[in-house]
Each structure stands twice: as structure tokens, then as C-alpha cells.
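Here is the structure we will look at.
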Amino acid sequence: MDTSKTISQRAKQRRSELGLTQTEVAEQAGIAQQSYQQLEAGETKRPRNLLEIASALKCTAQWLMYGTTSKKAA
């Protein structure tokens, strides 16, 4: 579990694991790149598009938000 990390740290870690750019994740999630950048920068703590971002990062929304349960999406 990654409960000691923040949502921004988990998002950046997962994006790096997948070899994606911020722009690619944002496009897959249907949000502006600036919105995704704000999430990784820690400026956004509870994103409106959490489910879409989790889908783009191929992880569960619960893991992304809280660092609990399995990282991998079913």
C-alpha cells in the first residue's frame, strides 16, 4: 500500500510506470493538460474527474485517491 504518498505522487508514479506524458494522460481522461498538471503538482487534492484519470492511468480510483487496495484496475 502507498498510504504514505499523496494523490499527486501516486499519479506521477503511475504515469511514469506506463511511460505516458501528462498530455497523453489528460487526453485519455478527457481533461485539459493543465488540469492534470495541477493534480501532479499537488494543487488539486480531490479531482472531479477521478474515475477518468484512474482509467487513463489503468488503476483503481480508490488506489489513486487513498493508496489502498490493489493498484491495478480490474
If I take atom [atom1] from residue [X] and atom [atom2] from residue [Y], how far apart are they, to the nearest 0.5 angstrom?
X   : Y   : atom1 : atom2 : result
I31 : T44 : CD1   : OG1   : 9.0 Å
T60 : L57 : OG1   : CG    : 11.0 Å
N49 : S55 : CG    : OG    : 11.5 Å

message: If I compare all heavy atoms of A29 with all of A56, which pair ends up nearest, and what's the gap?
response: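 In this case the closest contact between A29 and A56 is N-CB, 4.0 Å.
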Distance-minimising heavy-atom pair for L51 and A61: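 Where L51 meets A61 most closely, the heavy atoms are CD2-CB, 3.6 Å.
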- prompt: Taking it one step at a time, do T23 and T21 satisfy side chain to side chain donor-acceptor pair (under 3.5 Å)?
  reply: CA-CA 5 Å; T23 301; T21 65; 4.5 Å; no
Pairs satisfying salt bridge (Lys or Arg N to Asp or Glu O under 4.0 Å), at least one member in residues 20-31, at least two apart: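 Not a single pair qualifies under salt bridge (Lys or Arg N to Asp or Glu O under 4.0 Å).
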query: Can a donor-acceptor pair be found between the side chains of Q22 and Q33 at a distance below 3.5 Å?
result: yes
message: E40 and salt bridge (Lys or Arg N to Asp or Glu O under 4.0 Å): which single residue from R15, K12, R14 fits?
response: R15
Could you check if a side-chain atom of [X] sits within less than 4.5 angstrom of a side-chain atom of [Y], using non-hydrogen atoms only?
X   : Y   : value
Q28 : V25 : no
P47 : I7  : yes
Y36 : I53 : yes

- request: Show the numbers, then the answer: is there a side chain to side chain donor-acceptor pair (under 3.5 Å) between Q13 and E17?
  value: CA-CA 6 Å; Q13 170 194 330; E17 289 173 0; 3.0 Å; yes
field: Partner of M65 by side chain to side chain contact (heavy atoms under 4.5 Å, CB included), out of R10, K45, R46
entry: R46
message: When you group the ILVMFWY residues by side-chain heavy-atom contacts below 4.5 Å and let the links chain together, are W63 and L18 in the same group?
response: yes
